[in-house]
Amino acid sequence: MRASRYLISTTREFPREAEYISHKLMLKAGLIKKVAAGIYSFFPLGYRVLAKISSIVREEMDNFGAQELLLPFMQPARLWKKSGRWTEYGDELIRFQDRKRTEFILGPTHEEIITELVKKEITSYKQLPLTLYQIQIKFRDEQRPRGGVIRAREFLMKDAYSFCQDKRALELNYEEMKKVYEKIFSRCSLNYKIVEASPGAMGGEKSEEFIALSDSGEDRLVECKKCGYLAKMEMAESLETEERKKEELKEIKEVYTPQVRSIKELCKFLNISPAKTIKTILYETEKEPVAVLVRGDHQINEEKIKKLMKVTRVNIIEENLVKEMTGIEAGFLGPVEFDKFKLIVDNAIIRGRNFVTGGNKKDIHLVNVNPERDFKPDIVGDIRFPLANDKCPFCKNRIEIKRGIELAHLFQLGQRYSQRLGAFFLNKKGKKETLEMGCYGIGISRLPAVIIEQNHDKKGIIWPKKIAPFQVAIVSTNQETLKIAERVYHKLNEAGIETLWDDRELRAGVKFQDIDLIGIPFKLIIGNTFLKERKIEIKERREERIKKVSVEEVVQKMEELIKDAK
RNA sequence: CGGGACGUGGCGCAGUUUGGCAAGCGCGCUUGCUUUGGGAGCAAGAGGUCGUGAGUUCAAAUCUCACCGUCCCGACCA
């Protein structure tokens, strides 16, 4: 490709709107342009990168035996009502009507459509297992898009769906798909970890995520460097490994705390640390309202409450309703002589002593409150998020909190969709059974950003060769070497090497900067050195090594280098 | 959804507090000359409903109100 004819849109300065390095570089290198919040156009350079990633994904999926198809982006509401997700999915599901006032959505995912399709086509166990996939635009009306393509509203995703005759076959398919994903991500030169995830709104049983550790990530993870324990924040266990405090039990006392409502205010007022306080928060569940107690420095994990209480709905009771329900002002709630609701108590509280809590009267707190002596928990368990420097639940080393970006998500959906949409088949005995489904997604359009997060320097992007939009860029720095450059360009093209010939009428320095910013793995410089020595210089983006070759050798040398390059 | 910041040629910004000449600067773009190995110099140009609407005023980028859009933190989230 001749650069003079190619839509290159690099800028000299970083656009103001970006925060993450990958987002900054993608904009500066002109890979993408924003059209609206969370909606981007991919420019030719950016699209070449997407295409590279897509073809890696495609090859590995096809290799596994999955079949590519294309499902509609716009989907009738009817199917979503049938699966129940019309109401369950929430505001992220964008809804609209066509001219006939029929309701539609833009697909945030495609379980309904594919299940409906398979339901009609699959009638016998002989057709199973079946794995179908597509590379498609998705739309999720995110409350807050961020990081450019890292969390976009419109994005490109590879989603695969497997259909099996029983659980065992599903588990097998799932494990094999995991191996396929490992191949895909290593071909993309990505560093990643696999962690347990919560199936969440997708439903189903087992679920794991491929996560790239990165400071620009939005998922928080708990990591123990010593034993290798790694889990998503919301899944991470907080086994209390602390010893029970041996402090002497002091006498409980009321203190006057006018207008002191928050933990922060309380700590300031009494000059104590939040770990010495207990927060009492009221929640509603489908069974009964409860009072949840955690230490002042801890955060409640509502998912864990659900598990512990075996309920599906847990909602915090708003501050202004607290007084209505209990007669006590929010900010002064406490467990002592509180008999309105059951007390759900975090493990950490049982181990501590002499806490400060609300006094269940306006402007009153209690000091030296002790579990068991002063109040009886109804249920005790792990209901909080871990904190940095907590002890690892397995080896007692200190844990760290890391950030990560979700690359892919695997689910064993089970029968959730097949059941609701009525996707059955006949088994060997001629008996009707429900299909076991799996679902496997990769956030394709997010991957360029993640790869950049892991592969960049001060000058810009450093694409791994398999992802780079071009393998080689040619710069001639002299009028006299222009013809040679053109010859080399044609030779490389003929050899099938993707080459960008920077024939723009710009100073050499500008071209070098652009090519480095864009991240092309190799530069061929044909200039003064050529005039003196008849040699072409080869500079590698990643290492800045310089090699010299003759025009005759250049194709072979490039082939070798590209083969060896990362 | 809560908190914060912002919206001025393609990009980055100044000007807004205290209303007042003709709306500026750098980059980029066009033309010419000189330069030419890591974002050149000089000269001459093109390019703007100052986010939108209403209002106050002799006069609005600047003040008031409403709306729209964008980014960041948090909450939320396959």
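Model, not experiment: these values are computed from the prediction. So you know, we letter chains A, B, ... as the sequences are listed, proteins then strands, and number each from 1.
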Please tell me if the side chains of A:Leu308 and A:Lys306 come closer than 4.5 Å, counting only heavy atoms from C-beta onward.
->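 No - every pair of side-chain heavy atoms lies 4.5 Å or more apart.
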
Identify whether any heavy atom of [X] sits under 4.0 Å from a base atom; if not, whether one sits that close to sugar-phosphate; answer base, sugar-phosphate or nothing.
X	value
A:Glu537	base
A:Asn478	nothing
A:Arg504	nothing
A:Gly527	base
A:Tyr440	nothing
A:Ala18	nothing
A:Asp516	base
A:Gly30	nothing
A:Glu17	sugar-phosphate
A:Thr529	base

Can you check the distance between [N] and [M], where both ends of the measurement are the [atom1] atom (answer in whole Å)?
N	M	atom1	answer
B:C27	B:C42	P	9 Å
B:G51	B:U16	P	15 Å
B:A23	B:G47	C1'	14 Å
B:G20	B:C1	P	38 Å
B:G3	B:G48	C1'	34 Å
B:G37	B:A44	P	27 Å
B:A75	B:G28	C1'	41 Å
B:G9	B:U49	P	9 Å

Looking only at side chains, do [X] and [Y] share a donor and an acceptor under 3.5 Å apart?
X	Y	answer
A:Lys138	A:His110	yes
A:Ser9	A:Lys33	yes
A:Tyr417	A:Arg85	yes
A:Glu436	A:Gln415	yes

Of the nucleotides [options], which has the atom closest to the [X] side chain?
X	options	answer
A:Arg403	B:G74, B:C11, B:U70	B:G74
A:Glu92	B:C77, B:U35, B:G37	B:C77
A:Arg144	B:G39, B:G74, B:G12	B:G74
A:Glu13	B:G12, B:A75, B:G37	B:G12
A:Ala36	B:C72, B:G28, B:U70	B:U70
A:Val510	B:G74, B:G39, B:G37	B:G39
A:Tyr20	B:C73, B:G37, B:A75	B:C73
A:Phe512	B:G39, B:A40, B:G37	B:G37
A:Ala508	B:A75, B:G38, B:G37	B:G37
A:Lys34	B:A75, B:U70, B:G38	B:U70

With a 3.5 Å distance limit and no angle check, can you tell me whether [X] reaches the backbone of [Y] through a side-chain donor-acceptor pair?
X	Y	result
A:Lys511	A:Asp502	yes
A:Ser445	A:Leu156	yes
A:Asp503	A:Arg2	no

State which residue, out of A:Lys34, A:Arg140, A:Arg153, fulfils the side chain to side chain contact (heavy atoms under 4.5 Å, CB included) condition with A:Pro145.
->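 That would be A:Arg153.
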
Partner nucleotide of [N] by Watson-Crick or wobble geometry (both distances under 3.5 Å):
N	result
B:C71	B:G4
B:U18	none
B:G47	none
B:C76	none
B:G12	B:C25
B:A54	B:U64

Tell me whether the OP1 or OP2 atom of B:C76 has a side-chain N or O from A:Arg146 closer than 4.0 Å.
-> no

Is A:Arg12 near enough to B:G28 that one of its side-chain N or O atoms lies under 4.0 angstrom from OP1 or OP2?
-> yes

d([atom1], [X]; [atom2], [N]) in whole Å:
X	N	atom1	atom2	result
A:Gln299	B:A75	CD	P	7 Å
A:Glu505	B:U35	CD	C1'	14 Å
A:Asp91	B:C77	CG	P	13 Å
A:Lys138	B:C77	NZ	C1'	17 Å
A:His23	B:C71	NE2	C1'	10 Å
A:Lys532	B:G37	NZ	C1'	10 Å
A:Ile546	B:G37	CD1	P	15 Å
A:Ile316	B:G74	CD1	P	18 Å

Closest to the 5' end of RNA chain B, once A:Phe155 and A:Lys511 are matched to their nearest nucleotides, is A:Lys511

A:Ala37 or A:Met157, whichever maps to the more 5' nucleotide of RNA chain B = A:Ala37

Does A:Lys539 get its side chain close enough to the base of B:G38, under 3.5 Å, for a donor-acceptor pair?
-> yes

A:Arg16 (side chain) and B:C6 (base): donor-acceptor pair under 3.5 Å =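 Absent.
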
A:Tyr192 and A:Phe210 aromatic ring geometry - parallel, tilted or perpendicular at 30°/60° bounds |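 It falls in the tilted class, 30° to 60°.
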
